[in-house]
Amino acid sequence: QPGINSPRTIGASGVPPAFETAGAAASVKDDSHDDAWFRGMWLSNQDFLRLFGAAALSDSVPRSGYHCVNAMSSNTNARWSLDETEALLGVRPRDDAASYHS
């Protein structure tokens, strides 16, 4: 996304309000449900670094085969579990979109 990675700038149009065109804004008139969905998937820069670092450097991650984990911050009302990610990588995301959004 252009600009700062903040849950305040998440919108159903897929771009922050400062970069939104009139057409994109009109296509998502009532986007409160979509905004909640996107905030539930938000991944902070700090959590990205923690998760990526653990995936690349952790001794707990098996080096054979492929592994797929869910990477998002520990967001209030998220619809997905981070339990398997934590079990494999040994780290749990810390940030929460709700603490950044007012």
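Heavy-atom basis, side chains included; hydrogens, waters and symmetry copies ignored. What you see is a predicted model; the values in this text were computed from it and never measured.
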Measure the spacing between CE of Met72 and CG of Asp96 and express it to the nearest 0.5 Å.
-> 10.5 Å

Verify the neighbour count for atom CD of Glu84: are there more than 12 heavy atoms of other residues, nucleotides or ligands below 6.0 Å?
-> no

Would you say the side-chain atoms of Asn75 pair up with the backbone N or O of Phe38, donor to acceptor, closer than 3.5 Å?
-> no

Compare every heavy atom of Ser74 with every heavy atom of Leu82, then report the nearest pair and how far apart it is.
-> CD1-CA, 3.9 Å

Would you check, one step at a time, whether the test ring pair (Phe, Tyr, Trp, His ring centres under 6.0 Å) holds for Trp42 with Trp80?
-> CA-CA 12 Å; Trp42 180 69; Trp80 304 272; over 10 Å; no

Would you mind listing every salt bridge (charged side-chain N to carboxylate O under 4.0 Å, His left out) that reaches into residues 41-58, with sequence neighbours excluded?
-> Asp47-Arg50, Arg50-Asp95

How many angstroms lie between CG in Leu57 and CZ in Phe52, if you round to the nearest 0.5 Å?
-> 8.5 Å

First locate atom OG of Ser73, then atom CZ of Arg39, and finally report the distance between them rounded to the nearest 0.5 Å.
-> 13.5 Å

Do the side chain of Thr85 and the main chain of Asn70 share a donor and acceptor less than 3.5 angstrom apart?
-> yes

Is any side-chain heavy atom of Leu43 less than 4.5 Å from a side-chain heavy atom of Leu51?
-> yes

Would you say Asn45 has more than 12 foreign heavy atoms packed within less than 6.0 Å of its CG?
-> yes

